[in-house]
Visitor: 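One structure is given below, represented as structure tokens, and several questions about it will come after.
Note: hydrogens, waters and symmetry copies are ignored here, and every other heavy atom, side chains too, is used. Remember, it's a predicted structure, so these values are computed and weren't measured experimentally.
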Amino acid sequence: MYSWDYQGVNLMETMNCGRQWATGRYIPTMFRRILLAIDDSASSDIAISFATALAVQNSSAVRVVHVNEYLVGGRGFTVETKVEAISHLEKAVSALRAAGIPTEGSLYLTNCFGVDARITNAAHDWSADVIVLGSRRRRRFARLGGKGMRERVTSLTSLPVLTAPAPLAVGHGTPSDLGELPSVPLADFPSISI
């Protein structure tokens with residue numbers, strides 16, 4: 001976008017074009033409306049921190065979405081009680097508001113097959129610029145059962161889907177408990193650093 005003068009007024013300064021002023025120049029902001037999808041796992045805490053940093057950097061508004069699933073064959077019972085689901089949503093909204101971010105929250109109910117559609121519909125209804133999800137890092141056997149939530153959401157929307165990484169599981173114990181180091185080098189070629 002160009003900056004031009006019209007009758008002595010710099011139009012770039014008067015237009016609200018989704019840009020921030022930093023270090024004497026305009027820089028574009030990428031995401032003005034962030035949809036944050038949370039659940040009851042530890043990955044949601046990381047996603048909240050990730051969305052907070054992203055929203056502060058871009059001066060964005062955030063909408064937090066929590067989808068509570070009906071249990072399969074549960075005769076109307078859900079994974080979380082209504083109080084638990086509202087508690088998770090309020091925790092996320094209050095954490096974002098404490099950082100000074102304009103935030104609202106929504107709680108939805110659906111079956112286990114409609115969570116991805118509910119998230120993407122909420123993003124499109126709110127005109128979000130990006131969807132932020134948490135990741136649980138299930139890699140081994142989850143792929144055999146089908147796609148994960150990230151892949152299902154990505155397949156339903158043209159919006160960018162950002163995945164906040166889950167914390168890594170770190171091994172505990174002393175090195176002798178974890179196994180001995182090999183006595184021979186693992187590679188027969190020298191390493192090169194550039």
Side-chain angles (χ1 to χ4, degrees), residues 1 12 15-23 25-70 78-138 147-168:
M1 183 167 235
M12 184 64 103
M15 292 172 54
N16 182 8
C17 58
R19 296 179 182 265
Q20 296 176 341
W21 181 261
T23 64
R25 62 185 177 89
Y26 283 103
I27 56 173
T29 56
M30 187 173 263
F31 306 123
R32 302 295 291 169
R33 297 167 73 91
I34 299 170
L35 185 113
L36 171 63
I38 63 168
D39 59 6
D40 61 343
S41 68
S43 63
S44 289
D45 295 333
I46 303 299
I48 292 167
S49 298
F50 183 79
T52 301
L54 189 64
V56 166
Q57 180 182 6
N58 291 305
S59 301
S60 304
V62 177
R63 182 173 192 188
V64 182
V65 171
H66 180 53
V67 180
N68 195 2
E69 302 173 33
Y70 288 111
T78 56
V79 173
E80 298 176 304
T81 65
K82 186 176 181 180
V83 173
E84 290 172 339
I86 290 172
S87 173
H88 288 298
L89 185 64
E90 286 177 346
K91 176 184 162 193
V93 169
S94 63
L96 288 157
R97 285 183 181 166
I101 300 166
T103 307
E104 62 185 48
S106 298
L107 177 64
Y108 296 106
L109 286 170
T110 188
N111 62 20
C112 62
F113 304 109
V115 176
D116 49 355
R118 183 61 77 178
I119 291 170
T120 55
N121 288 342
H124 292 153
D125 291 345
W126 192 58
S127 301
D129 297 321
V130 65
I131 300 172
V132 175
L133 302 170
S135 173
R136 294 186 187 179
R137 291 190 191 266
R138 292 182 182 166
K147 296 181 181 179
M149 182 59 62
R150 177 184 60 227
E151 290 85 5
R152 293 194 322 248
V153 169
T154 303
S155 69
L156 291 176
T157 184
S158 60
L159 294 173
V161 178
L162 299 178
T163 305
L168 292 172

Visitor: Got a donor-acceptor contact below 3.5 angstrom from the Arg32 side chain to the Ala128 backbone?
Guide: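 Flag not set: sc Arg32 to bb Ala128 has no pair under 3.5 Å.
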Visitor: Answer yes or no: is there a side-chain heavy-atom contact under 4.5 Å between Val65 and Leu35?
Guide: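 They are in side-chain contact.
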Visitor: Is a side-chain donor or acceptor of Glu84 paired with a backbone partner of Thr81 at a separation under 3.5 angstrom?
Guide: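 Yes, because the side chain of Glu84 sits within donor-acceptor range (under 3.5 Å) of the backbone of Thr81.
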Visitor: Do you know which two heavy atoms are closest between Ala51 and Ile34, and how far apart they sit?
Guide: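 The pair with the smallest heavy-atom distance is O-CD1, 4.4 Å.
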Visitor: Which heavy atom of Glu69 sits nearest to which heavy atom of Cys112, and what is that distance?
Guide: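 Taking every non-hydrogen atom into account, OE1-CB, 3.4 Å.
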Visitor: Is there a donor-acceptor pair under 3.5 Å between the side chain of Ser44 and the backbone N or O of Asp39?
Guide: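 Yes, the answer is positive, given that a donor and an acceptor are paired below the 3.5 Å cut-off.
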Visitor: Please report the closest heavy-atom contact between Ala164 and Ala47, naming both atoms and the distance.
Guide: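 Here Ala164 and Ala47 meet closest at CB-CA, 3.6 Å.
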Visitor: Would you give the length of the straight line joining atom CG of Leu54 to atom OG of Ser49, rounded to the nearest 0.5 angstrom?
Guide: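 Here the rounded value is 12.5 Å.
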Visitor: Under 4.5 Å between any side-chain heavy atoms of Leu133 and Leu162, yes or no?
Guide: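 The answer is no, as the side chains (C-beta and beyond) never meet within the 4.5 Å cut-off.
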Visitor: Before giving the answer on side-chain contact (heavy atoms from CB on, under 4.5 Å), spell out for Glu104 and Trp126 the whole-Å C-alpha distance, their side-chain angles and the decisive distance to 0.1 Å.
Guide: CA-CA 11 Å; Glu104 62 185 48; Trp126 192 58; 3.5 Å; yes
Visitor: Take Arg33 and Ser60 through the test side chain to side chain donor-acceptor pair (under 3.5 Å) and record every step on the way to the result.
Guide: CA-CA 6 Å; Arg33 297 167 73 91; Ser60 304; over 6 Å; no
Visitor: Looking at side-chain heavy atoms only, is the closest gap between Leu96 and Leu36 below 4.5 Å?
Guide: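 Leu96 vs Leu36: side chains touch.
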Visitor: Between Glu151 and Gly148 (side chain of the first, backbone of the second, donor and acceptor by atom type, cut-off under 3.5 Å), is there such a pair?
Guide: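 Here the side-chain-to-backbone pair exists.
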Visitor: Let me confirm one number: the CZ-OG distance from Arg150 to Ser155, rounded to the nearest 0.5 Å.
Guide: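 Result: 12.0 Å between the selected atoms.
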Visitor: If you take all heavy atoms of Ala55 and Ile101, which pair is closest and at what distance?
Guide: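 Result for this residue pair: CB-CD1, 3.7 Å.
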Visitor: Can you tell me how far the CG atom of Asn68 sits from the CD atom of Glu80, to the nearest 0.5 Å?
Guide: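 Asn68 atom CG to Glu80 atom CD measures 5.0 Å (nearest 0.5 Å).
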Visitor: Show the nearest heavy-atom pair for residues Leu107 and Ala85, with the distance to one decimal.
Guide: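 Smallest interatomic distance, heavy atoms only, reads CD1-CB, 3.8 Å.
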Visitor: Any donor-acceptor pair under 3.5 Å linking the side chain of Asn111 with the backbone of Tyr70?
Guide: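 No, because the side chain of Asn111 does not come within donor-acceptor range (under 3.5 Å) of the backbone of Tyr70.
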Visitor: For Lys91, is there an ion pair with Asp45 - N to carboxylate O distance below 4.0 angstrom?
Guide: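 Yes, charged N to carboxylate O under 4.0 Å.
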Visitor: Less than 4.5 Å apart, any side-chain heavy atom of Ile119 and any of Val67?
Guide: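 Sidechains of Val67 and Ile119: in contact.
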Visitor: What is the distance from atom OH of Tyr108 to atom CG of Asn121, rounded to the nearest 0.5 Å?
Guide: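 Between Tyr108 OH and Asn121 CG, I get 8.5 Å after rounding to 0.5 Å.
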Visitor: Atom CG of Asp116 and atom CE of Met149: how far apart are they, to the nearest 0.5 Å?
Guide: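 Rounded to the nearest 0.5 Å, the CG-CE separation comes out at 5.5 Å.
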Visitor: What heavy-atom pair brings Asp40 and His88 nearest, and what distance separates the two atoms?
Guide: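 Closest pair (atom of Asp40, atom of His88, distance): CB-NE2, 3.5 Å.
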Visitor: Would you say that Ile86 contacts Glu90 through its side chain, given a criterion of any heavy-atom pair below 4.5 Å between the two side chains?
Guide: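 They are in side-chain contact.
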Visitor: When rounded to the nearest 0.5 angstrom, what distance separates OG1 in Thr103 from CD1 in Ile48?
Guide: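 Thr103 atom OG1 to Ile48 atom CD1 measures 10.5 Å (nearest 0.5 Å).
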Visitor: Within the 3.5 Å criterion, strictly below it, is a donor on Thr157 or His124 matched to an acceptor on the partner's side chain?
Guide: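 Yes, a side-chain donor-acceptor pair sits under 3.5 Å.
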